[in-house]
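Counting starts at 1 for both ligands and their atoms, following the listed order.
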Amino acid sequence: MSHLDDLFEFLRFPSVSTLPERKGDVAKCAEWLAGRLTGIGLKAEIHATAGHPIVVARNVHVPGRRTVMIYGHYDVQPVDPVNEWTSPPFEPVVRDGVVFARGSTDNKGQILAHILGVGRTLREKGDVPVNLIFLIEGEEEIGSEHLEAFLVAKRDALKCDIIAISDTGMIARDTPTFTYGLRGVAAMEVRAHGPAADLHSGIYGGTVANPATAIARLIATLHHADGRVAVGGFYDGVKALQEWEREAWGRLPYGDAEIRAVTGVTELFGEAGYSGIERTWARPTVEVNGIGGGFQGVGSKTVIPREAFAKLTFRLVPDQRPAEVLAKVRAHLAANCPPGIRLEITDGHSGEPYSTEPHSAFGKAAQRALERAFPGEPLALIREGGSIPIVNTFKKVLGVETLLLGLALPDCRAHAPDENFPVENFEAGMRLNAALLEELAK
Ligand code: BES
Ligand code: ZN
């Protein structure tokens, strides 16, 4: 079976972790993955959790060798809006050398490249130069809720020297990219409750508060007009962007023009005083991910909805703490709640921001491996705007740093319709794995 057949099998599982009705599919995907890890000669286990299973696999460990953990996730985000996909999200296809499917980039293609890279080295050389632990979870896209307890419970079995993850981006095709920081994330849902039931907007319009209007007003209080977050104390603890970062990022062949092109906007918008990459990589934000309430069907309906909601997430940077930020936003919302409305605020998942020293010995080894996988182009040192919630927990619970060696391209459409991953990057990922294990063994 070819490596692409393997990838296609993996991508056909609709392992959407957030949807209760996909629980069985997520479990089947974990079983497939464990089978594949066993197939390349590793010993694999599936650990049930109160949520989705965690898959762990290892080779035979040899005393004296470095132990490398490779982390990834087999769960994916929902496919909505599904009718905006060119081809169905769980029926992978290759068009012009690019695989299209939900999870192709985030993260099935990238983690499978590591697995198949190890498989190939084992076939060709009979051994890999390190003690390996694959830790692949099914809840990354919902905040890795059950992974921390697992790390605590299995701390000894998961002891390692370094962790590697390919679940971040490259700034451009063929540009080896090493990521030394991730934003954290915290989620919150706000529901505005008004009348006891939906009301006729003619009979009652003008005399009771409308929850949809209340949600809109509340959302509007979260930012100043120039893009700065208006929540009191939101920027407390935020580490300033380093001068060397500003300079180095300014020289990257990726900036405002590329962001405009890939996003299709005519003008960037965000906190004043920062470039696009500075804002996404080093500044915290408040985002509205969803808003709803009232009549959503075709045509019109004269109703005052009983309730309305907004789904919010906050992207955090060192040294902000998710719990503190959630508390500040909660206080801000309560203080700005319009009269006649009762707010119900529920905190969701969260993960801390992460940063590591890019020039550590392991950091340099990872960079050499990236250069070997993508020869010829200067390496980019970046931070990322996305979050991998468990990374800072690895540091806290296992005491181990994480190397982020991502293969996602700026136009990969992760979390969106037409998510894609070039076959070329999948193959580079297998080469990257072989080079990485060699460099980390040194
Ligand atoms: N692979 C991403 C994280 C990522 C994306 C890092 C782009 C760097 C650049 C990961 O799968 C992801 O999407 N994480 C979620 C976590 C959240 C749902 C808790 C995210 O960042 O939204
Ligand atoms: Zn993701």
Side-chain angles (χ1 to χ4, degrees), residues 11 15-19 51-52 71-80 89 101-114 136-148 164-172 177-189 254 259 262-263 276-277 279-282 284-290 311-317 322 325-326 347-356 380-393 402-417 419-421 425 429:
L11 291 171
S15 49
V16 184
S17 50
T18 200
L19 299 177
H52 300 299
Y71 163 89
H73 61 96
Y74 65 88
D75 65 321
V76 299
Q77 290 261 342
V79 298
D80 319 52
R102 172 57 87 235
S104 51
T105 279
D106 186 6
N107 173 245
K108 289 174 173 173
Q110 300 197 63
I111 187 63
L112 190 63
H114 277 287
I136 308 173
E137 67 154 321
E139 298 192 318
E140 194 273 347
E141 298 289 10
I142 48 173
S144 301
E145 197 189 330
H146 299 98
L147 190 50
E148 178 166 359
I165 304 182
S166 292
D167 194 22
T168 48
M170 300 171 61
I171 57 163
T177 304
F178 181 80
T179 296
Y180 62 92
L182 291 169
R183 286 198 290 190
V185 63
M188 174 181 275
E189 190 164 320
Y254 180 74
I259 300 177
V262 81
T263 57
I277 57 178
R279 291 197 293 252
T280 53
W281 297 351
T285 62
V286 170
E287 295 296 336
V288 181
N289 303 126
K311 290 174 187 273
L312 308 176
T313 53
F314 316 105
R315 293 288 168 171
L316 313 177
V317 300
V325 169
L326 288 169
D347 293 349
H349 58 72
S350 64
E352 289 179 354
Y354 180 70
S355 75
T356 189
L381 282 187
I382 71 167
R383 280 154 76 176
E384 276 277 22
S387 309
I388 305 177
I390 203 64
V391 171
N392 208 54
T393 310
T402 295
L403 306 167
L404 299 159
L405 316 103
L407 303 169
L409 293 183
D411 62 354
C412 68
R413 308 220 176 167
H415 297 196
E419 179 177 349
N420 63 87
F421 192 47
N425 284 36

Restricting Glu141 to its N/O/S atoms, the closest one to the Zn ion (ligand 2) is OE2
Heteroatom test (N, O or S) for Asp106 near the Zn ion (ligand 2), limit 2.8 Å | yes
Residue portion contacting ligand 1 (non-hydrogen atoms closer than 4.0 Å) for Asp167 = both
Considering only heavy atoms of Val185, which atoms of ligand 1 have at least one such atom less than 4.0 Å away?
-> 19 (C)
N/O/S atom of His73 under 2.8 Å from the Zn ion (ligand 2), yes or no?
-> no
Hey, does Glu141 come in under 3.5 Å of ligand 1, counting only N/O atoms on both sides?
-> yes
Correct closest heavy-atom pair for Arg183 and Trp281 would be CG-O, 4.3 Å
Rounded to the nearest 0.5 Å, the CD atom of Glu145 sits from the OG atom of Ser17 at a distance of 11.0 Å
Around Arg315, counting heavy atoms of other residues, nucleotides and ligands shown, do more than 12 lie under 6.0 Å from its CZ?
-> yes
Protein contact of atom 10 (C) of ligand 1 - nearest heavy atom, named by residue and atom, plus distance = Glu140 OE2, 3.1 Å
Nearest non-hydrogen protein atom to atom 7 (C) of ligand 1, with distance, is Gly386 CA, 4.2 Å
Which of the atoms in ligand 1, numbered in the order shown and given with their element, are less than 4.0 Å from a heavy-atom of Arg315?
-> 20 (C), 21 (O), 22 (O)
In terms of heavy-atom contacts, Ala408 and Thr105 come closest through CB-CG2, 3.4 Å
Does the side chain to side chain donor-acceptor pair (under 3.5 Å) test come out yes or no for Glu141 and His415, once each step is laid out?
-> CA-CA 10 Å; Glu141 298 289 10; His415 297 196; 3.3 Å; yes
Correct closest heavy-atom pair for Asn425 and Met170 would be ND2-SD, 3.6 Å
Among all protein heavy atoms, pick the one closest to atom 17 (C) of ligand 1 and tell me residue, atom and distance.
-> His349 CE1, 4.0 Å
Run the numbers for me: atoms of ligand 1, each under 4.0 Å from some heavy atom of Pro389, listed by number.
-> 19 (C)
Should Leu147 and Thr393 count as side-chain neighbours, where that means a heavy-atom distance under 4.5 Å?
-> no
Drop me the distance from Arg383's CZ to Thr179's OG1, to the nearest 0.5 angstrom.
-> 11.0 Å
Hey, is ligand 1 close enough to His73 that some N/O pair sits below 3.5 Å?
-> yes
Verify the distance test for Asp167 against the Zn ion (ligand 2): any N/O/S atom under 2.8 Å, yes or no.
-> no
Does Gly351 have a heavy atom less than 4.0 Å from any atom of ligand 1?
-> no
N/O separation below 3.5 Å, His415 to ligand 1 | yes
Residue, atom and distance of the protein heavy atom nearest atom 16 (C) of ligand 1 read Ser387 O, 3.6 Å
How about Glu148: does its CD atom have over 12 heavy atoms from other parts shown lying under 6.0 Å from it?
-> no
Which pair of heavy atoms, one from Val76 and one from Lys108, lies closest together, and at what distance?
-> CG1-CE, 4.0 Å
Hey, is Asn107 one of the residues with a heavy atom under 4.0 angstrom from ligand 1?
-> no
From CG (Asn107) to CZ (Phe421), nearest 0.5 Å = 9.0 Å
